[in-house]
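In this text, all values refer to a predicted model and were calculated from it rather than measured experimentally. Only heavy atoms go into these numbers, but all of them, side chains included; no hydrogens, no water, no symmetry mates. Throughout, numbering of the chain's residues begins at 1 and tracks the sequence. Both counts, for ligands and for their atoms, begin at 1 and track the order of listing.
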Amino acid sequence: MSAFTSGKKKNTKPCVMYLLRRGDPTMFETFWRGPIGESATLVIPGYQTMSYFSDVGNLCWFLEPGFEREVRRLHSLVGNAAVEGYHVLVGTGSSQLFQAALYALALPIADAPVSVVSTTPFYSMYPPLTDFLNSGLYRWAGDANAFDGNDYIEVICSPNNPDGSIREAVLKSKSGKDIHDLAYYWPQYTPITHMLAHDIMLFTVSKCTGHAGTRIGWALVKDKEVAQKMSKFMEQSTIGVSKDAQLRAAKVLGAVTDGYEHQLAAAAGGDANLLFHYARRKMAHRWCALRAAVAASGIFSLPNEVAGFCTFTKDTVTSNPAFAWLRCEKQEVEDLESFLRENKIITRSGTKFGADQKVVRISMVDTDEAFGIFVNRLATIK
Ligand code: PMP
């Protein structure tokens, strides 16, 4: 339940405030409560998953073969990223893989800390994840467009968190390195237009299936040495990644692919077994409701709707970003986060993403209840 009761201050009535400032993908729970949820159920007997090792012959020796198989199967189904010739690495969420990639890319060039950059507005966790340990290998250097130099690590998030834009690297130096964060490159958020084949591509079950609590992400890495270094990072920081969590993630990803391959929908009717179809329809519905609320209020604006041909579903569809990047057009509202808080809507200010105070990020993937209350409140703000 994504609500808390704030009744701490004296003389204020308790009121329900909805935490739309996070990106907790609880919206997908309804799907997993449906018929396909059963096939994603996992029982692990007491004697299983006891060894540290999963596959001693693999450079990522803690990677469960069943998880790797399901990652490759899912990408082959959706066609969003190349898997042929790529090493698969597993991490405790893609957050750990992001840090592993920084370590692996910075290591050979780090006389001084390498600058880590991303185009504004950027995912608000990149700066703290980069600078948390005050590493001598790398440091956060802000907006990629303002960067001058040849050695850097550019993070490209596409579709972008917070604004949903489709992005490519802006820096082109031969000695620069790229990390492609593709957490949202799934059909429920955006049309799949290309099979991407970048050097380092990060994914996470958090945003793909909604299982954020399983804490499993994966990286597709072209270069063997980089993959080895990333694997070393996971080995040193946590001696691998939970096997139990990998087995669960494998089961969940497998259920998604099976849903399509077995065409269970034909038997059950509708899209109850087709995660991406189900989730896309729900996201589209929410975006429609949000645009109507923005129109009713008259003081906000959103990024323009973008459409494209999806090679996975073979139709032309609009993108439905996981976050709304909401701007206030009213001159006297300088700090939109505070303004919305006064109206009982909790959001995250643009300043956390390298942008200004007149814009905020709002989650589009929270529960139906939270989303419903949010759009109703927004529509009445004048
Ligand atoms: N990248 C982006 C762009 C994200 O939005 C998130 C989650 N908010 C992550 C990475 C981290 O995902 P995980 O839960 O796998 O650590």
> Taking Q188 for the side chain and F276 for the main chain, is one N or O donor matched with an acceptor at less than 3.5 Å?
Replying inline: no

> Out of K222, K177, K224, which one pairs with D199 under the salt bridge (charged side-chain N to carboxylate O under 4.0 Å, His left out) rule?
Replying inline: K222

>> Taking the ring of F353 and the ring of W325, is the distance between their centroids below 6.0 Å?
In response: yes

>> Looking only at protein heavy atoms, which one is nearest to atom 12 (O) of ligand 1, and what is the separation?
In response: S94 OG, 3.4 Å

> Any sub-3.5 Å donor-acceptor pair from T347's side-chain atoms to R361's backbone N or O?
Replying inline: no

>> With a 4.0 Å cut-off on heavy atoms, is G93 in contact with ligand 1?
In response: yes

> C157 heavy atoms, cut-off 4.0 Å: which ligand 1 atoms fall inside?
Replying inline: 3 (C)

>> Please list the nearest protein heavy atom to atom 16 (O) of ligand 1 with its residue and the distance rounded to 0.1 Å.
In response: S95 OG, 2.6 Å

>> Is the contact between M125 and ligand 1 made by the side chain, the backbone, both, or neither, using heavy atoms and a 4.0 Å cut-off?
In response: neither

>> Is it the case that the side chain of T214 and the backbone of I216 share a donor-acceptor pair, with hydrogens and angles ignored and the cut-off at 3.5 Å?
In response: no

> Would you say N161 and ligand 1 have an N/O pair spaced under 3.5 Å apart?
Replying inline: yes

>> I'd like to check which ligand 1 atoms, numbered from 1 as shown, lie under 4.0 Å from a non-hydrogen atom of S206.
In response: 13 (P), 14 (O), 15 (O)

> Heavy atoms only: which of D24, D181, N160 is nearest to atom 2 (C) of ligand 1?
Replying inline: D181

>> For R215, which part has a heavy atom under 4.0 Å from ligand 1: side chain, backbone, both, or neither?
In response: side chain

> Of the listed options (L97, L182, L202, T204), which comes nearest to atom 15 (O) of ligand 1 when hydrogens are ignored and any heavy atom counts?
Replying inline: T204

>> Whether the side chain of S158 engages the backbone of N160 through a donor-acceptor N/O pair (distance < 3.5 Å, no angle test) should be reported.
In response: no

> Among side-chain atoms of T130 and R139, is any donor-acceptor pair under 3.5 angstrom?
Replying inline: no

> Aromatic rings H277 and Y260: how do their planes relate, parallel, tilted or perpendicular, breaks at 30° and 60°?
Replying inline: tilted

> Out of H211, Q96, K207, R22, who gets a non-hydrogen atom closest to atom 7 (C) of ligand 1?
Replying inline: K207

>> Show the atoms of ligand 1 that are less than 4.0 angstrom away from any heavy atom in Y184.
In response: 3 (C), 4 (C), 5 (O), 8 (N)

> Counting distance only, does the side-chain N/O of N80 pair as donor-acceptor with the main-chain N or O of Y185 below 3.5 Å?
Replying inline: yes

>> Please determine whether any non-hydrogen atom of A212 lies less than 4.0 Å from an atom of ligand 1.
In response: no

> When you measure from atom 9 (C) of ligand 1 to every protein heavy atom, which one gives the shortest distance, and what is it?
Replying inline: Y123 OH, 3.6 Å

